[in-house]
Amino acid sequence: MTDRYQSLVPRPVAAHSEAGTYELTRDTPLVAAPGSAAAAEVVRLLLAPLRLPLPPASSGMGLVVRIDPGVTGPEAYRLRVTGDGVELSASTVDGIRHATQTLRQLLPDAAWRSTAPPGTRWIVPCGEVTDAPALSWRGGMLDVSRHFFAKDTLLRYVDLFAMHRLNRLHLHLTDDQGWRIESRRHPRLHEVGGHRPATQAWYDRKAGRTDGTPHGGYYTLDDLAEIAAYAAERGITLVPEIDLPGHASALLAAYPELGVRQHNVSVGWGISDAVVRPVPATIRFLTEVLEELTDALPGPYVHLGGDECLLQDWVTDKETSEYMGSLGYTDPVDLFGHFLRELAGHLSSRGRRAVMWDEGYVGGGVLPDSVVTAWRGDGVARRAAAAGYGVVRCPVYPTYFDYDQSDGPDEPLSIGGPVTLPDVAAFEPVPDGWSDEERANVIGAQFQAWAEYIPDARHLDYMVFPRAAVFADVAWSGRPVDDYEARLAGHLRRLDAAGCAYRPLSGPLPWQAGGTGDRRRADGTPIARVREHLEKLSAQADVPSSLVSM
Ligand code: TNX
């Protein structure tokens, strides 16, 4: 039998097996040590798929849950399996959750099914794990604007994130191609902004060819509250994003008065020139929308976007330029910074922290407690860290999982690439060459699944896994990993049991490949060119040109 302590993903700080096993049976009690009753209930929730009664007890052996201040670190945990029982200890409930996920990985793979085949025996090999993450923000972003993923997909991704001890689910909820949040105050947002008449076919934006099929969908505020609560129960913080002031076609299709010109919900991909008019009336409208969101969602973060804005309309629009003058600005970038600071300030007044793409930092949109998701590369990430902002590293290379996974001719249509598993494994989220202070301000890392070319949940699985599993290794340990291959082989069996349609290591299955139709591979942007271009922008302190990415 393979040593299950050596196939854990993400890789724990220390794990070893010992001789013997312990079997969790219908008689095994769930023992809550003093002060650990709430933590024990969390274990019960996470192990529900085992369908064991786990009768509660307050002493004795069995499955013991112990809140132990001696296990230091907010997410640290210890797991010990002996012939007499299993003991999970941590100083926090978060740590206990991680211990439980690790226990589930040590059990037979059927532990990842929603319920196991009859007769499955829950035998755990003896051994010990001591573990803690290096980074506190370990995330993934799902773009539900370019393609809408139904609520059940997001709930399933919460489970997949929890399995990999990823703790931030960033939802990119608005963009040119769709507004995905119900608004009771401004219902045209979801009624009009929530769908488009068709979607660009293949790579044919310029040719104007579409699939001719409407696409749409949105989450009600109750849906979002449910997803956030389901995530919180699993130790995951939902980070909702409303992308402003650009990427605003869907918003402006719904409420043209907030913009300078008429826009429709976009059918094709690319950077649009749809930008809101950044005047007080717009800010008022948007704070109402943010208020609805923060009333529905308890989480501490809201992402305000800030990426890829074309500010030309702000120069030509009389009302905007007059407003700009009244603030004493001559450069629209200062107005861009002002606009984002206004919204971030509103969030602060509601006890929330703003998160922004790195243009938000460069354009002066950040407040002292803002978090910067640095997507354009090392240069801008380092400057934001040096300036004292919390930085989440998410450079296109190698954390953009919308880029394809190999150069193989079978790969399906994607935006470009490749970003391979070895590329992800070699990612250094906290670069050695940075100063201690810069390094300390890297709060974490996240992968991005932009969904222009990800039309459905099955393809999402293909693009995200197994890269997200290797990414989880890097995010958990805070550094590159060189031993993922052997562990991954065992881990893919768990993903099979969980029903995840990942890309096999040998390449796409016939039905995952691009074929010869509109999912056929195109020569997308080569990743080397993207990297070079973005690193150049990333190194620039000069704002206007860096507000347009490619
Ligand atoms: C850039 S990264 C974008 C997205 C695209 C993505 C495609 C960022 C903040 N903006 O709008 O979907 O590239 O890879």
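Just so you know, ligand 1 is whichever comes first in the structure, and atom 1 is the first atom listed for that ligand.
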Is it true that the NZ or CZ of Arg165 lies under 6.0 Å from the centre of Trp476's six-membered ring and within 45 degrees of the ring axis?
yes
Kindly determine whether Trp450 and His172 satisfy ring-ring contact (aromatic ring centres under 6.0 Å, His included), including the steps that lead there.
CA-CA 9 Å; Trp450 298 104; His172 184 75; 4.7 Å; yes
Within the structure, does Asp143 bring an N/O atom to less than 3.5 angstrom of an N/O atom in ligand 1?
no
Below 3.5 angstrom, do we get any N/O pair linking Asp307 and ligand 1?
yes
Sub-4.0 Å heavy-atom contact, Glu359 with ligand 1:
no
State, yes or no, whether a side-chain contact exists between Asp273 and His263 at a heavy-atom distance under 4.5 Å.
yes
Student check: side-chain heavy atoms of Val396 and Tyr403 closer than 4.5 Å:
yes
Would you say the ring centers of Phe148 and His215 fall short of 6.0 Å from each other?
no
Measure centre to centre between the rings of Tyr361 and Tyr389, then say whether the value is under 6.0 Å.
yes
When you compare the side chains of Ser272 and His247, does any donor N or O come within less than 3.5 Å of an acceptor on the partner?
no
For [X], take its heavy atoms, then give the atoms of ligand 1 lying under 4.0 Å from any of them.
X: Ile415; answer: 7 (C), 14 (O)
X: Glu452; answer: 5 (C), 7 (C), 12 (O)
X: Asp402; answer: 7 (C), 14 (O)

Under-4.0 Å heavy-atom contact with ligand 1, by part of Arg146 that carries it
side chain
For Tyr400, which part has a heavy atom under 4.0 Å from ligand 1: side chain, backbone, both, or neither?
side chain
Looking at Tyr453, Trp450, Trp269, the heavy atom closest to atom 4 (C) of ligand 1 belongs to Trp450
